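For reference, the structure is listed below as structure tokens.
For clarity, every value in this text was computed on a predicted model and none was experimentally measured. By convention here, the first residue in the shown sequence is residue 1.
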Amino acid sequence: MKTRMMLAAGVLFSASALLAETVKYDAMPGSKVQAVVVTDFIGEPLVMPVAGKLEIPGDNYGVILLESNGGTDTVVWNDPAFKVSVDPSGAIIEGDALAGKTSNCIISIGRPMWYKITEKLNDQDWQPVAWKPPFAADFYVNYRKSLGALPPEDGRQESWKIMPFRTGQDFGMTVDTSVAVYNCETWSNWVSGYGGTIYPARADKNHAYLRFLLAGEYPRQKHDVDFGGYIFPVAKAANPDYWIPMGLPAQGADVVMPKDFIRGFLTPEQWTSISEVENEGRWFPATCGTTEAVEKIFYHSKSYDERIEVAERIGNMDKFVQRIRDRIEEFRQWGADESAWLKANAPENIYNAFAGDFAEYDKYYQQFRERMKTPEDCRKLSAQVVALANDPNMDDEEKEDRCKELGRAIRTIGGCQDTMAAEFRRYAKCIRQKATEMYATARTDAERAALMHIRQTAAEHLHNRMPHEGK
């Protein structure tokens with residue numbers, strides 16, 4: 001059983017009754033749950049249509065129910081041991097001593113908070129869809145790939161924040177970690193692991209304008225046109241100033257968005273366990289920016305005068321190269337270890353479902369290993385740049401030419417590593433999402449245990465990230 005109390009603006013909160021063993025959060029009166037968003041703040045959220053009963057991993061701590069009346073219901077719990085399921089009538093949480101350990105937050109404001117995309121989208125043109133933001137906030141859209149840029153992405157969903165439809169060549173916007181719209185005239189952006197592309201989601205006060213992510217370097221990629229996509233609310237606006245020219249109303253003070261509600265319900269330790277943390281490597285400069293800055297010093301014939309700065313920049317860059325390589329090796333080792341664990345412990349059908357995905361780690365690594373070289377190779381090149389700067393007698397033009405040559409070689413190593421780290425991160429997100437989707441309809445406890453193991457070990461490696469690892 002549960003109790004409810006009504007707050008302003010159609011926002012409902014619920015609390016479990018004392019010592020209840022089951023809490024049921026019913027769909028709103030006259031409504032049904034049409035889809036569920038399994039939130040994932042270290043990976044990619046998963047949206048599943050709800051036609052029957054779906055099991056939700058207890059360690060997820062929250063889901064967003066998308067209801068037929070256009071409203072949403074964020075259901076949360078704070079114990080990973082709870083058994084959670086969703087069906088068209090609502091969400092059910094089972095466990096011991098549930099009092100105070102579950103809650104929910106409904107947003108029903110008379111305008112659609114979510115939208116199932118039925119318009120036929122493509123990756124070449126913007127398509128207006130029949131939904132508009134009810135207020136300035138962070139709404140996201142999930143698209144599904146029939147075929148991914150690389151095999152582990154097959155059948156997986158990718159989520160993108162809907163950004164305000166701003167214009168102007170000199171105006172850019174930060175989206176999320178490692179993602180930005182650099183030029184609002186063209187809406188071009190660059191995502192490590194994809195390369196140059198066009199940002200795929202924007203809105204003004206009257207429409208959302210959507211397109212699938214263009215991945216020109218990966219012609220294999222094909223999106224699921226029939227799936228279309230889902231738009232759903234996530235959080236209060238991370239950059240509310242971006243929305244000012246759109247003329248949208250502000251989010252009401254009595255409206256709590258799903259991410260903010262989940263974070264507020266959990267302890268700081270629980271929230272940290274399901275959200276990403278940028279590690280100390282965020283302070284290390286990348287190869288592209290460092291070599292560009294150093295080459296300018298050589299261009300202005302100041303390499304000897306600024307030799308200490310050159311050495312400091314190069315030294316920090318070498319730390320960046322090593323840290324990215326460490327991340328590559330961490331993901332690669334996880335792929336080998338988890339595949340071995342599944343073979344030894346999981347039901348055969350679960351091992352077979354993931355064996356090919358985990359094998360892609362070493363396959364990709366071996367394909368680009370020679371081009372990528374090693375951090376030690378990079379340090380040898382770096383040492384030559386520092387030696388050039390410390391030479392007071394060498395001709396400045398010769399120094400500049402040699403510095404450019406070394407810079408190209410360094411950027412080749414750095415660029416190859418950056419792409420591989422981004423791909424490996426995407427692999428882990430896709431594998432985790434696949435495990436979540438299979439968990440929803442798993443038939444046995446052994447299957448669910450193996451799928452939970454995949455989710456949790458993937459999270460360990462996704463949690464502590466470098467900003468340069470791509471989306």
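Contact check for L210 versus I231: side-chain heavy atoms found under the 4.5 Å cut-off. Considering only heavy atoms from C-beta on, V37 stays 4.5 Å or farther from L46 through its side chain. Put simply, the side chain of I93 does not reach to within 4.5 Å of the side chain of K83, judged on heavy atoms. I162 places a side-chain heavy atom less than 4.5 Å from the side chain of W131. For the pair I198 and T186, the minimum side-chain heavy-atom distance is 4.5 Å or more. Considering only heavy atoms from C-beta on, Q417 stays 4.5 Å or farther from F320 through its side chain. At a threshold of 4.5 Å between non-hydrogen side-chain atoms, the residues I92 and Y25 do not count as touching. By the 4.5 Å heavy-atom criterion applied to side chains, V63 and T74 are not counted as neighbours.
Across K145, R144, K471, a single residue satisfies salt bridge (charged side-chain N to carboxylate O under 4.0 Å, His left out) together with E153, and that is K145.
Between the CD atom in Q270 and the OG atom in S275 there is a gap of 11.5 Å [rounded to 0.5 Å]. Rounding to the nearest 0.5 Å gives a distance of 11.5 Å between CZ of F424 and OG1 of T419. Within the model, atoms OG of S85 and CD1 of I56 stand 8.0 Å from one another, a figure rounded to the nearest 0.5 Å. Separation of atoms CG (L150) and CD (E423) is listed at 4.5 Å; rounding is to 0.5 Å. In this structure, CD1 on I107 lies 9.5 Å from CG on D73, to the nearest 0.5 angstrom. The OG1 atom of T436 sits 8.5 Å away from the CG atom of L451 when rounded to the nearest 0.5 Å.
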Set out, in order, the CA-CA distance, both residues' side-chain angles and the distance that settles side chain to side chain contact (heavy atoms under 4.5 Å, CB included) for T72 and I106, then state yes or no. CA-CA 6 Å; T72 64; I106 291 174; over 6 Å; no
Before you tell me yes or no, could you show the steps for V234 and F139 under side chain to side chain contact (heavy atoms under 4.5 Å, CB included), namely the whole-Å CA-CA distance, both residues' side-chain angles and the distance that decides it to 0.1 Å? CA-CA 6 Å; V234 174; F139 289 82; over 6 Å; no
Evaluation steps, side-chain hydrogen bond (donor to acceptor under 3.5 Å, both in side chains), between Q157 and N142: CA-CA 6 Å; Q157 295 178 28; N142 263 39; 2.8 Å; yes
Apply salt bridge (Lys or Arg N to Asp or Glu O under 4.0 Å) to residues E276 and R425 and explain how you reach the verdict. CA-CA 12 Å; E276 65 179 34; R425 179 175 181 79; 3.2 Å; yes
Please test E55 against R448 for salt bridge (Lys or Arg N to Asp or Glu O under 4.0 Å), starting from the C-alpha separation and ending with a verdict. CA-CA 9 Å; E55 302 283 350; R448 283 187 285 271; 5.2 Å; no
Show your working on side chain to side chain contact (heavy atoms under 4.5 Å, CB included) between Y351 and N345 and close with a plain yes or no. CA-CA 9 Å; Y351 169 74; N345 298 282; over 6 Å; no
Under the criterion side chain to side chain contact (heavy atoms under 4.5 Å, CB included), I'd like the reasoning laid out for L213 against Y143: C-alpha separation, chi angles, the key distance, then a yes or no. CA-CA 9 Å; L213 184 75; Y143 304 127; 5.9 Å; no
Quick one: do W341 and H453 satisfy ring pair (Phe, Tyr, Trp, His ring centres under 6.0 Å)? Show the steps, please. CA-CA 9 Å; W341 187 92; H453 193 275; 3.6 Å; yes
Could you go step by step and tell me if E447 and N349 meet the side-chain hydrogen bond (donor to acceptor under 3.5 Å, both in side chains) rule? CA-CA 9 Å; E447 290 177 349; N349 65 317; 3.0 Å; yes
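Judged purely by atom type and a 3.5 angstrom limit, S31 uses its side chain to pair as donor or acceptor with the backbone of N69. Between the side chain of Q251 and the backbone N or O of V255 there is at least one donor-acceptor pair closer than 3.5 Å. Side chain of S192 to backbone of A422: no donor-acceptor contact under 3.5 angstrom is found. With hydrogens and angles ignored, the 3.5 Å screen pairs a side-chain donor or acceptor of R166 with a backbone N or O of Y242. Under the 3.5 Å distance criterion, the side-chain polar atoms of D260 are left unmatched by any main-chain donor or acceptor of V256. A donor-acceptor pair under 3.5 Å is formed between the side chain of N183 and the backbone N or O of E185. D326 places no side-chain N or O within donor-acceptor distance of the main-chain N or O of E329, the cut-off being under 3.5 Å. Distance alone, capped at 3.5 Å, is enough to place a donor-acceptor pair between the D204 side chain and the H207 backbone.
Nearest heavy atom pair, residue D87 against residue V50, reads C-CG1, 3.5 Å. The shortest non-hydrogen separation linking W77 to G58 is NE1-O, 2.7 Å. Heavy-atom minimum distance, I324 versus A421: CG2-CB, 4.0 Å. Residue I350 comes nearest to I454 through the heavy atom pair CG2-CD1, 4.4 Å, listed as atom of the first residue, atom of the second, then distance. Taking both residues in full, the closest heavy atoms of W126 and A201 are given as CZ3-N, 3.8 Å, listed atom of the first, atom of the second, then distance.
Classification of R432 and D40 as a salt-bridged pair holds, one side-chain N sitting under 4.0 Å from a carboxylate O. The existence of a salt bridge linking E158 and K429 is excluded, since no basic side-chain nitrogen approaches an acidic carboxylate oxygen closer than 4.0 Å. Using a 4.0 Å cut-off between charged side-chain N and carboxylate O, D362 and R332 make a salt bridge. A salt bridge links K161 with D176: the closest approach of a Lys/Arg side-chain nitrogen to an acidic carboxylate oxygen falls below 4.0 angstrom. Salt bridge status for E44 with R426: absent, with no side-chain N to carboxylate O gap under 4.0 Å. Ion pair E67/K32 not flagged as a salt bridge, since none of the NZ, NE, NH1 or NH2 atoms sits closer than 4.0 Å to an Asp/Glu carboxylate oxygen. A salt bridge is defined here as a Lys NZ or Arg NE, NH1 or NH2 lying under 4.0 Å from an Asp or Glu carboxylate O, and K24 with D26 meets this definition. The residues D226 and K120 are annotated as salt-bridged, a charged nitrogen and a carboxylate oxygen being separated by less than 4.0 angstrom.
Remark: aromatic rings of W334 and F358 are close, center separation under 6.0 Å. Ring pair Y365/Y361: centre-to-centre distance not below 6.0 Å. A centroid separation of 6.0 Å or more is found between the aromatic rings of Y115 and Y230. The aromatic ring centroids of Y61 and W271 lie 6.0 Å or more from each other. Between Y209 and F165, a ring centre-to-centre spacing shorter than 6.0 Å is recorded. Checked against a 6.0 Å centroid threshold, the rings of Y199 and W160 count as neighbours.
Side chain to side chain, R455 and N60 meet the donor-acceptor criterion of an N or O pair below 3.5 Å. Under 3.5 Å, the side chains of T457 and E338 contain a donor-acceptor pair of N or O atoms.
Within a 6.0 Å radius of CD in Q366, more than 12 heavy atoms belonging to other residues, nucleotides or ligands are found. The environment of R220 atom CZ is dense: over 12 non-hydrogen atoms of other residues, nucleotides or ligands sit within 6.0 angstrom.
In this structure, K101 fails the cation-pi test against F265, since its NZ or CZ atom is not both closer than 6.0 Å to the six-membered ring centre and inside 45 degrees of the ring normal.
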